[in-house]
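Note that ligands are numbered from 1 as they come in the structure, with each ligand's atoms numbered from 1 the same way. Basis for what follows: all heavy atoms, side chains included, without hydrogens, waters or symmetry-related copies.
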Amino acid sequence: MILIIYAHPYPDKSTVNAAMLKQAATHPDVVIRSLYALYPDFNIDVEAEQRAVEKADLVVLQHPMYWYSYPPLMKLWIDNVFTHGWAYGKHAHALKDKPLLWAVTTGGDEDHFGIGAHPGFSVLAQPLQATAIYCHMRWLEPVVFHGAYTADPTALHTHLEYYSARLTAGKED
Ligand SMILES: Cc1cc2nc3c(=O)[nH]c(=O)nc-3n(C[C@H](O)[C@H](O)[C@H](O)COP(=O)(O)O)c2cc1C
């Protein structure tokens, strides 16, 4: 099972993430948990989330980039769900060897992340990558779509095909 943890604060206004989710839903073994729909009060059901993660062969965190990071409910999901004794600690094994795929969209184009005071995109991946390593997950090469505001249909189509292929490959990985 491929588990997609999806956090978009304004899903009705989404173009790219909505299209990615629609594409992902065509996979027969995808389970999508839309955090802003499930937990509008931010009261995350930790048990339910941990059971879902345990069943997953691939865990995907999909969201738009917000201030060079996650939307708040995605951050809270990690904070609450990755508990001591389950995600990390001496006897924790729930996440061991589970692949983690970060699927993120950005308003900025690729150049935006490589110039001046901007830190470069790979640096922005480090907190999640470090989390994955700490919990003994397998970090996969992220799926990134830059320039979401100005995406032309061909680029979006190519990205959707790529995302679909990465979901299949990540599960078999
Ligand atoms: C509050 C807020 C913060 C954002 N921060 C960033 C950012 O730090 N870097 C960036 O490239 N885009 C940023 N964006 C743009 C979003 O990443 C972009 O709207 C989103 O990826 C588009 O995907 P969608 O079509 O699924 O909504 C931000 C947008 C909002 C509303």
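- Nearest protein neighbour of atom 26 (O) of ligand 1, counting heavy atoms only, is Ser14 OG, 2.6 Å.
- Residue contact annotation: Phe113 has a non-hydrogen atom under 4.0 Å from ligand 1.
- Aromatic rings from His136 and Tyr88 are positioned such that their centres are separated by 6.0 Å or more.
- For an aromatic pair to be called close, the ring centres must be under 6.0 Å apart, and Tyr6 with His63 fails this.
- Of all protein heavy atoms, the one closest to atom 8 (O) of ligand 1 is Tyr68 N, 2.8 Å.
- Residues Trp77 and Tyr39 place their aromatic rings such that the two centres sit no closer than 6.0 Å.
- Residue Ala18 has no N or O atom closer than 3.5 Å to an N or O atom of ligand 1.
- Ring centroids of Phe121 and Trp102 are separated by less than 6.0 Å, placing the two rings close together.
- One N or O on the side chain of His8 and one on the backbone of Tyr10 form a donor-acceptor pair closer than 3.5 Å.
- The protein atom (non-hydrogen) at minimum distance from atom 30 (C) of ligand 1 is Tyr66 CE1, 3.5 Å.
- Using a 4.0 Å cut-off to heavy atoms of His8, the atoms of ligand 1 that qualify are 24 (P), 26 (O), 27 (O).
- Separation of atoms CD1 (Ile2) and CG (Asp29) is listed at 4.5 Å; rounding is to 0.5 Å.
- Separating the CG atom in Leu73 from the CG atom in Asp79 is a distance of 10.5 Å, to the nearest 0.5 Å.
- Although no hydrogens or angles enter the test, the distance criterion places a donor-acceptor pair under 3.5 Å between the side chain of Thr168 and the main chain of Ser164.
- With hydrogens left out, the protein atom closest to atom 12 (N) of ligand 1 is Gly107 N, 3.1 Å, a heavy atom.
- For ligand 1, the atoms sitting less than 4.0 Å from at least one non-hydrogen atom of Thr15 are 24 (P), 25 (O), 26 (O), numbered in the order shown with element in parentheses.
- Atoms CG and OG, on Asn17 and Ser34 in that order, are 10.5 Å from each other to the nearest 0.5 Å.
- Annotation: Trp67 places an N or O atom under 3.5 Å from an N or O atom of ligand 1; distance criterion only.
- Under 4.0 angstrom from ligand 1, the non-hydrogen atoms of Ala148 all belong to its side chain.
- Protein heavy atom in closest approach to atom 23 (O) of ligand 1: Thr105 OG1, 3.4 Å.
- Considering only non-hydrogen protein atoms, atom 14 (N) of ligand 1 sits nearest to Met65 O, 3.3 Å.
- Looking at Phe121 against ligand 1, nothing comes within 4.0 Å, counting heavy atoms.
- Any N or O atom pair closer than 3.5 Å counts here, and Val16 shares at least one such pair with ligand 1.
- Here the protein heavy atom with the shortest distance to atom 11 (O) of ligand 1 is Gly108 N, 2.8 Å.
- With rounding to the nearest 0.5 Å, the separation of CZ in Arg51 from CG in Asp45 is 9.5 Å.
- Within the 4.0 Å heavy-atom shell around ligand 1 one finds Tyr149.
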